[in-house]
Amino acid sequence: MDKTVNQKAWFLVLPVFLVVAFSAVLPLMTVVNYSMQDTFGNNQFFWNGVGWFKELLDPSTDLGGRFLASLGRNLFFSLVILAIEVPLGIVIALSMPRQGWTVAACLVTLALPLLIPWNVVGTIWQIFGRPDIGLLGYVLNHIGLDYNYVSNDIDAWVTVIVMDVWHWTSLVALLCYAGLKSIPEAYYQAAQIDGASRWAVFKAIQLPKMNRVLLIAVLLRFMDSFMIYTEPFVVTGGGPGNSTTFVSIELVKIALGQFDLGKAAALSLVYNLIILIVCWIFYTVMTNAGVERKVQAEKEPAAEPKPSVALKPVPALKPKEGVA
Amino acid sequence: MHSIPGRRLIMGLFLIFLMLPIYWLVNMSFKTNGEIISTMTLWPHAPTLQHYRRIFTDESWYSGYINSLEYVVINTIISISVALPAAYAFSRYRFLGDKHLFFWLLSNRMAPAAVYALPFFNLYSAIGLFDTPWAVALAHCIFNVPLAVWILEGFVSGVPREIDETAFLDGYSFPRFFIKILVPLIASGIGVAAFFCFMFSWVELLLARTLTSVNAKPIAAVMTRTVSAAGMDWGLLAAAGVLTIIPGALVIWFVRNYIARGFALGRV
């Protein structure tokens, strides 16, 4: 289905453009403005050029050291999160019941953590992990583990990671479940005729069908874990020491804690730029995946699954437009 | 759909893992503070409603919930109403800069709230909206509008183009077609998009806290402040936490049948 060229469509997009421009472009201009200046309070600003940016990327300065350390921690955190949540989410999606009331019950329970305000998520785990009043901390300490997320770096990390797995694995699982649901039963019958093993079915039918939703899942999870703020802030406050201080926490400390506007603005811009680049890579991959599917489906328009189809990557039944 | 061996066990264990911390919160909200601190009990031995009573009778507590719901609802209405026409445009037409515009929208969904906290504070103070629900509602548009466009675009693309053409041949004007035909057709999509706007606005704290001080303070901020001021009133904190979970749980129940498709942004 080709889209028609119509410049009047801009009128339909205009409201969105205005709303988002108001809340994105204006503030961003302020940030750019601040990032070039220094302030000693009293609304007096001094031109500082690219000074903050130089400092930011130089690990020997205080600002640069803090930024790069928190960036490293944040990247490590995001990678660990993805490595746990994506496979676990797939397994959970595959474990969903097939029909009956249990499906709705599972879906609602899975979605529940996603709708809890982030600071309450922090509160829940702060309480749950405490050795004196929390079930988890109490049990761990009673079976002989010395667990205390307030004073031990590793315990703090484990708590933050388990908390994130608790909070967000459902998102991956629900996305994968949506992908799995769209596979027609005929594909499985074809696979059965071929005598395909469980693993072959997963690799040849289910995984390719989940490709697109998995991409969305990875994108959302990477982005959200890369800008995580509230949950670790509530649980550990960035500590012990600086061990769980992620980029957003560092940024808020500098901006709203110390009111170092210039430094904070420079950090914001670099932070935003990193996110923009990663976002662009994902977007390109996603759009291309959409185009490829379309081309593939046009080459092979037959919707009837042939028995041999099961062991090949399966073409989409209904080609959808790319993202744009 | 074909599942894996041991699926009941896996699902059961995972659901227990999800529910256990929530159970602990609920459990604590019904205990007296004495019981919480002195003993480790798996269920409240002397159940009490004192914490809930305090929240429902103390205005500084319950007004927090009203403030939160207020900006969440305003935000959802704004997001959906501006996103609908745009989703239609992105789904049906090609126009100058459409791909760039879409990417720009998407990138705003991904922008860290921490970056915007301070500029928003300046902006909304300057135009006199600071400490009103409108400030938070507009600020949350930065991530909810792109998301709503993204979801609705998927649902609009699912509506065959022939329907538009037939309607126009029948003499429908564009606004009339839009309201009378398109909106009812993608009603479930609108529900899902509204659910997501509600969800992301409801769970966000950093911007909501930065943009309010007294009159529009969201419940999340009330929780953090009261706790630090009054020592550690664990029971009250737990009760307040439980009450923030309820609106979300209610909303999920309404969209449970569309939830999976919604999380896939309408494009499965």
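Within every chain, numbering begins at 1; the chains are lettered A, B, ... in the order of the sequence lines, protein sequences first and strands thereafter.
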Toward chain A, the part of B:S68 with a non-hydrogen atom under 4.5 Å: neither
B:L13, part contacting chain A, at a heavy-atom distance under 4.5 Å: neither
Heavy-atom side-chain contact between B:F14 and A:L110 under 4.5 Å: yes
B:Y116 versus chain A, the contacting section by heavy-atom distance below 4.5 Å: side chain
B:F17 CZ: over 12 foreign heavy atoms closer than 6.0 Å: yes
Heavy atoms from other residues, nucleotides or ligands near CH2 of A:W118 exceed 12 (cutoff 6.0 Å): yes
Nearest heavy-atom neighbours spanning B:L18 and A:W166: O-NE1, 2.9 Å
Top contributor to chain B interface from A:A24, A:S248, A:C176 [non-hydrogen pairs under 4.5 Å]: A:A24
Chain A contact via B:L101 - side chain, backbone, both or neither, heavy atoms under 4.5 Å: side chain
Region of B:L84 in contact with chain A, defined by heavy-atom distances below 4.5 Å: neither
Check: B:W253 and A:V108 side chains under 4.5 Å, non-hydrogen atoms: yes
For the student: nearest non-hydrogen atoms of B:A86 and A:V13, plus distance: CB-CA, 4.2 Å
Flag side-chain contact, heavy atom, 4.5 Å: A:I275 against B:P112: yes
Side chain to side chain contact (heavy atoms under 4.5 Å, CB included) partner of B:P119, the single match among A:P27, A:S23, A:S268: A:P27
pair A:C106-B:L15: side-chain heavy atoms closer than 4.5 Å: yes
Chain A contact via B:L96 - side chain, backbone, both or neither, heavy atoms under 4.5 Å: both
Considering all heavy atoms, the nearest B:L123-A:F22 contact: CD2-O, 4.0 Å
Atom of B:A89, atom of A:A9 and distance for their closest heavy-atom approach: CB-O, 3.8 Å
Side-chain heavy-atom pair A:T4, B:R94 within 4.5 angstrom cut-off: no
Parallel, tilted or perpendicular: ring planes of A:F17 versus B:W104, cut at 30 and 60 degrees: tilted
Close side-chain approach of A:P117 and B:L205, heavy atoms under 4.5 Å: no
Heavy-atom proximity to chain A below 4.5 Å, by part of B:I246: neither
Residue part contacting chain A, namely of B:F121, when any heavy atom lies under 4.5 Å: neither
Heavy-atom pairs under 4.5 Å with chain B, option from A:Y138, A:W125, A:Y229 with the top count: A:Y138
B:W24 vs A:L136 side-chain heavy atoms within contact, under 4.5 Å: no
Atom group of B:I142 that falls short of 4.5 Å from chain A, counting heavy atoms: both
Exercise: identify the closest heavy-atom pair between A:M96 and B:R7: O-NH1, 3.8 Å
Closest approach of A:L114 to B:V203 (non-hydrogen atoms, all atoms of both residues): O-CG1, 3.8 Å
Validation row: A:L115, B:I245 side chains within 4.5 angstrom (heavy atoms): no
Interchain contact, B:N122 with chain A, by part (heavy-atom threshold 4.5 Å): side chain
